[in-house]
Amino acid sequence: MSSATTIVLVHGAFADAASWAPVAERLLAKGHRVVAPPVFNRSLSEDAAYIRSFVEQIDGPVLLAGHSYGGAVITVAGVADNVVGLVFVSGYVLEVGESLGQLQGGFPDSDLAANLVYAPYPNGDGEPGTDVSVDISAFPEVFAAGLDQARAQVLAVSQRPLSAFAFGEPATAAAWKTKPGWGIVSSADRTINPEVERFGYRRAGLRTVVELDAPHLVMQTHPDEVTAVITDAIAELA
């Protein structure tokens, strides 16, 4: 299965597919099939439906890896028949009927909560939506801690917002109930309370959970370790 499995890297809120670049580079160098599609961050159901459709058009088995909000997306999208496993990276793992807001609400707020910015956007049905982003001045320390300051500032001004609707929308599926999973906890995460990650992984009964003394963008700061978790998952599936 190793040579035939495609690894699909799913980014989270306030980032884009390039956030996976250091890991994608390493996986490609090892000869793996890798794709990193966009997530539009409009709603959990829409984003998951898009990723599921993307996955179902891939010939052969797929290992899904989701970072942050991308973890919630693969929780729902991962029920696609050709998905053989799930890797959660500093991610949310939802239960059926649970929303991001409900899961986070059971734990103390991270530093992110006090540094969010809200802005209206036209959503096509006559009622404006609300985009949520991270305050640009706080972004380097709260979201991109551990990165070079110049790099963090570029990410801050090019971040991809998340619609507020996504926070309250319940998950309609939980792929971890039927698919094996692996997880990475970023113990120095200031965007998601690490306890939220630990709780979700424990509830899902993931096969392996690795704790790294890392910030939220662990794929950028610890790409070798993240790559190892993904390749270990591929090896187990084989």
Side-chain angles (χ1 to χ4, degrees), residues 9-17 19 37-52 64-79 86-121 123 129-135 138-139 142-144 159-177 179 181 183-186 189-206 209 215-219:
L9 305 173
V10 180
H11 69 83
F14 320 128
D16 58 22
S19 61
V39 179
F40 302 110
N41 293 352
R42 294 299 82 184
S43 77
L44 180 58
S45 59
E46 291 179 25
D47 294 334
Y50 174 77
I51 293 300
R52 178 172 180 172
L64 279 174
H67 174 249
S68 190
Y69 170 65
V73 174
I74 70 169
T75 294
V76 179
V79 296
L86 310 164
V87 178
F88 298 92
V89 180
S90 311
Y92 294 104
V93 184
L94 299 177
E95 174 61 279
V96 175
E98 182 179 54
S99 69
L100 291 173
Q102 288 173 322
L103 176 57
Q104 291 188 133
F107 301 87
D109 285 341
S110 69
D111 293 339
L112 178 71
N115 291 286
L116 294 175
V117 177
Y118 302 88
Y121 71 89
N123 63 9
T130 300
D131 260 343
V132 183
S133 59
V134 184
D135 182 86
F139 189 100
V142 173
F143 191 83
Q159 61 182 290
R160 181 188 289 269
L162 177 68
S163 173
F165 184 68
F167 288 97
E169 189 177 14
T172 57
W176 49 264
K177 292 179 181 290
K179 309 291 175 75
I184 295 174
V185 174
S186 293
D189 202 329
R190 297 179 64 186
T191 297
I192 300 176
N193 183 335
E195 288 301 326
V196 174
E197 300 166 24
R198 295 185 184 106
F199 171 79
Y201 298 170
R202 186 168 56 249
R203 180 174 60 180
L206 302 187
V209 175
H216 189 61
L217 284 178
V218 62
M219 315 92 70

**Donor-acceptor under 3.5 Å (W176 side chain, L94 main chain)** = yes

**Prompt:** So, does S19 use its side chain to make a donor-acceptor pair with the main chain of A15 at under 3.5 Å?
**Reply:** no

**Asked** What pair of heavy atoms forms the shortest contact from V89 to V218, and how long is it?
**Response** CG1-CG1, 3.4 Å

**Prompt:** With side chains defined as the heavy atoms from C-beta onward, is the minimum distance between V134 and Q159 less than 4.5 Å?
**Reply:** yes

**Message:** To the nearest 0.5 Å, what is the distance between CG on L217 and OG1 on T191?
**Reply:** 7.0 Å

**Request:** Check the pair V93 / Y201 against side chain to side chain contact (heavy atoms under 4.5 Å, CB included), numbers first and verdict last.
**Result:** CA-CA 7 Å; V93 184; Y201 298 170; 3.6 Å; yes

Please tabulate, for the side chains in residues 161-168, all donor-acceptor contacts under 3.5 angstrom to protein atoms that are two or more places apart in sequence or on a different chain.
| from | atom 1 | to | atom 2 | distance (Å) |
| --- | --- | --- | --- | --- |
| S163 | OG | R42 | O | 3.4 |
| S163 | OG | Y121 | OH | 3.0 |
| S163 | OG | F165 | N | 3.3 |

**Message:** Is there a side-chain contact between V79 and R52 in this structure, where contact means two heavy atoms from C-beta onward sitting under 4.5 Å apart?
**Reply:** yes

**Prompt:** salt bridge (charged side-chain N to carboxylate O under 4.0 Å, His left out) with R198: which residues, sequence neighbours excluded?
**Reply:** E195, E211

**Request:** Name the orientation class of the two ring planes belonging to F40 and Y50 (parallel below 30°, tilted from 30 to 60°, perpendicular beyond 60°).
**Result:** perpendicular

**Nearest heavy-atom neighbours spanning S186 and P194** = O-CG, 3.5 Å

**Prompt:** R203 and L103: which non-hydrogen atoms are nearest, and at how many Å?
**Reply:** NH2-CD1, 4.2 Å

**Request:** Check whether any side-chain heavy atom of V10 lies under 4.5 Å from a side-chain heavy atom of Y69, and answer yes or no.
**Result:** no

**Message:** For a 4.5 angstrom cut-off between non-hydrogen side-chain atoms, does I51 reach P37?
**Reply:** yes

**S90 side chain vs I192 backbone, donor-acceptor pair below 3.5 Å** = no

**Request:** Could you tell me the separation between the CG atom of D47 and the CG atom of N41, rounded to the nearest 0.5 Å?
**Result:** 5.5 Å

**Message:** Can a donor-acceptor pair be found, under 3.5 Å and without considering hydrogens, that links the side chain of K179 to the backbone of G78?
**Reply:** yes

**Prompt:** With no hydrogens and no angle check, do the side chains of Y92 and E197 hold a donor and an acceptor under 3.5 Å apart?
**Reply:** no

**Item:** Atom pair CG (L9) and CG (L64), whose distance is rounded to the nearest 0.5 Å
**Value:** 9.5 Å

**Asked** Taking the side chain as C-beta and beyond, is there a heavy-atom pair between D109 and N193 under 4.5 Å?
**Response** no

**Heavy-atom check, side chain of F139 versus side chain of N115, under 4.5 Å** = no

**Message:** For the residue pair H216 / D189, report whether a side-chain donor-acceptor contact shorter than 3.5 Å exists.
**Reply:** yes

**Prompt:** Below 4.5 Å, heavy atoms only, C-beta onward: do L112 and F14 meet side chain to side chain?
**Reply:** yes

**Any T172 side-chain heavy atom under 4.5 Å of V76 side chain** = yes

**Request:** Just grab all the salt bridge (Lys or Arg N to Asp or Glu O under 4.0 Å) pairs involving residues 159-177, residues at least two apart or on different chains.
**Result:** E95-K177

**Asked** For V39, does its backbone N or O pair with a side-chain atom of H11 as donor and acceptor, under 3.5 Å?
**Response** yes

